[in-house]
Amino acid sequence: MPIVGFITPTPALISHWKICAIWLKEIFVSFTGIISPITSYIGNPSVWMWHTQKAKELLSVANSALDLSQKQLANGQARFREGELINADLLKLKLNSENALTTKIAAETTYEVALLSLAETLGVEKTNKIVLPEEYKSEMEKKRSSLNGMSAQLSESIATRNDVKSSEENYNVAHYNKLFSTGGYLPNLSFVASYSRNFKAQDIPPYAKKDIQDNFYYGLQMTWEIFNWGVTQTQINAASAGEHAARMQKEYVLSQAKIDTTKNYRQVFDSYQNLDSARTSVQYAKDVYAQVSAQYQSGRVTTTDVINALNDLNAAKAKYANAIGDLDLAWLLFYKSTGSKLSTK
């Protein structure tokens, strides 16, 4: 059986979000048991909403798996009493039921921690105030047809990213700093004006008081520093180096943005294919389990065959639940990489 769940923090950690966030940044165990870092998801309500909804769906799968395994165990016990099964077969069914119970407990833990994280992100004190849809349906699945028309708009959308715009502005500042530094070789031309009044002025023949108590002059003043021991050139060189560094940083950020956007764009495509595959797998697994169960009743297959078919069905359902959540997350990351607002249209 696949493992479901987070590595469970203690209640003391759960009660302190800042400490719990450190755990969540470092440790997240997916349904398949693969460790997945979620550092970039901390504090994002949209992502935690999808994580919580997916965790709820996986809990539903775990409950269904437990219910089926318990029914198989009850049927096996009845057949054991009738002598149709040996003790080893009954023990296999009991083991499978216990594994299903363990999976359910882990799924409950995953759901509770995800719900707590969502509540903390939203600023909600009690998790019972959060009501999730009964069935998890991806709003992004209907956007499949819009993907083909987006490839031509990627370059334009990349330009709206904050990191791209910031690097562009930094380069512009560095460029104008370089131009400003060259002014050290040019003369300085200033307009100078001055006015003063002597309130204690007296008549001084042949000048009257009114003619000498005010003093006003104006004019242009030019200074030109011809030689300053290379200070100006040093400033120009430093500004040129700053401009070059800003240009390289701008090109690097733009390159990374293109890679990030293209990768997330392709991830959306892959998520649709994975969803199609998961949906088909569920149908195949249901058919196989139905056929094996019928053959089991007639004694044509073993208990191990039934348990394997049941586990395959549960794994297919979990794969489908993960595929739906992964599609939504892929769209979110794609919109984030293009600097666009999230939209389901």
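- Residue Leu58 holds its CG atom at 5.0 Å from CG of Asn322, rounded to the nearest 0.5 Å.
- Between the CG atom of Asp163 and the CD atom of Glu168 there is a distance of 12.0 Å, given to the nearest 0.5 Å.
- Atom CG of Leu333 is separated from atom CG of Asp326 by 10.0 Å, given to the nearest 0.5 angstrom.
- Between Asp260 and Lys336, none of the side-chain N atoms (NZ, or NE/NH1/NH2) sits under 4.0 Å from a carboxylate O, so this pair counts as no salt bridge.
- Between the side chain of Thr182 and the backbone N or O of Leu179, at least one donor-acceptor pair lies under 3.5 Å.
- Formation of a donor-acceptor pair under 3.5 Å by the Ser277 side chain with backbone atoms of Gln273 is not found in this model.
- Every residue two or more places apart in sequence or in another chain was checked for a salt bridge (Lys or Arg N to Asp or Glu O under 4.0 Å) with Lys92, and none qualifies.
- Considering every non-hydrogen atom in both Gln72 and Ser293, the closest pair reads NE2-OG, 3.8 Å.
- Considering CD1 of Ile86 and CG of Leu90, their distance stands at 10.0 Å, rounded to 0.5 Å.
- You'll find the side chain of Gln297 reaches within 4.5 Å of the side chain of Asn75, heavy atoms only.
- Under the 3.5 Å distance criterion, the side-chain polar atoms of Thr102 are matched with a main-chain donor or acceptor of Glu98.
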Checking side chain to side chain donor-acceptor pair (under 3.5 Å) for the pair Tyr185/Gln233: CA distance, chi angles, key distance, verdict? CA-CA 9 Å; Tyr185 282 133; Gln233 187 58 47; 2.8 Å; yes
Please determine whether side chain to side chain donor-acceptor pair (under 3.5 Å) holds for the pair Thr302 and Asp305, giving the CA-CA distance in whole Å, both sets of side-chain angles, and the decisive distance to 0.1 Å. CA-CA 5 Å; Thr302 66; Asp305 295 326; 3.1 Å; yes
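- Side-chain N or O atoms of Ser255 include none that pairs as donor or acceptor with a backbone N or O of Glu251 at under 3.5 Å.
- Residues Trp224 make up the rest of the hydrophobic cluster containing Ile226, defined by ILVMFWY side-chain heavy atoms closer than 4.5 Å, directly or through other members.
- Scanning both residues, Lys104 and Ala62, for their nearest heavy atoms gives CA-CB, 3.8 Å.
- Side-chain contact between Gln77 and Lys94 is present, with at least one heavy-atom pair separated by less than 4.5 Å.
- With Ser97 contributing its side chain and Leu93 its backbone, the two residues share no donor-acceptor pair below 3.5 Å.
- Within the 4.5 Å cutoff, side-chain heavy atoms of Asn99 are placed close to those of Leu95.
- By the 4.5 Å side-chain criterion applied to Ile, Leu, Val, Met, Phe, Trp and Tyr, Phe216 is assigned to a cluster that also includes Leu189, Phe191, Tyr195, Tyr218, Leu220, Met222.
- Taking every heavy atom of both residues into account, Ala55 and Ala114 meet most closely at CB-CB, 4.3 Å.
- In this structure, Ser167 contributes its side chain and Val164 its backbone to a donor-acceptor pair below 3.5 Å.
- Atoms OG and CG, on Ser281 and Leu313 in that order, are 11.0 Å from each other to the nearest 0.5 Å.
- Val173 belongs to no hydrophobic cluster, as no Ile, Leu, Val, Met, Phe, Trp or Tyr side chain comes under 4.5 Å of its own.
- With contacts defined as side-chain heavy-atom distances shorter than 4.5 Å, the pair Asn314/Leu310 qualifies.
- Contact check for Ile307 versus Asn311: side-chain heavy atoms found under the 4.5 Å cut-off.
- Residues Leu275 and Phe269 fall within the same hydrophobic cluster, defined by Ile, Leu, Val, Met, Phe, Trp and Tyr side chains chained together at heavy-atom separations under 4.5 Å.
- We find that Arg79 and Asp89 are not joined by a salt bridge, their nearest charged nitrogen and carboxylate oxygen being 4.0 Å or further apart.
- Hydrophobic cluster of Trp229: the remaining members, joined at side-chain heavy-atom separations below 4.5 Å, are Phe227, listed by chain and number.
- A cation-pi arrangement, defined by a distance under 6.0 Å to the six-membered ring centre and an angle within 45 degrees of its axis, is present between Lys250 and Tyr171.
- Ring pair Tyr272/Trp331 is perpendicular by interplanar angle, where above 60° counts as perpendicular and below 30° as parallel.
- Here the closest non-hydrogen pair linking Ala239 and Asn177 is CB-O, 4.0 Å.
- When side chains are defined from C-beta on, Ser166 does not count as touching Arg161, because their heavy atoms never get closer than 4.5 Å.
- Checked by atom type and distance alone, the side chain of Thr109 pairs as donor or acceptor with a backbone atom of Ile105 at under 3.5 Å.
- Between Asp312 and Tyr289, the closest side-chain pair of non-hydrogen atoms is not below 4.5 Å.
- The shortest heavy-atom contact between Val192 and Gln221 is CG2-OE1, 3.4 Å.
- The OG1 atom of Thr303 lies 10.5 Å from the CG atom of Asn96; values are rounded to the nearest 0.5 Å.
- Both Tyr335 and Leu329 belong to a common hydrophobic cluster when Ile, Leu, Val, Met, Phe, Trp and Tyr are linked at side-chain heavy-atom distances under 4.5 angstrom.
- Sorted by first then second residue, the salt bridge (Lys or Arg N to Asp or Glu O under 4.0 Å) pairs that include residues 274-303, not counting sequence neighbours, are Glu141-Arg279, Arg144-Asp276, Asp276-Arg279.
- Scanning all heavy atoms of the two residues, the minimum distance from Glu108 to Leu59 falls at CG-CD1, 3.4 Å.
- With ring centers used as reference points, Phe180 lies 6.0 Å or more from Tyr176.
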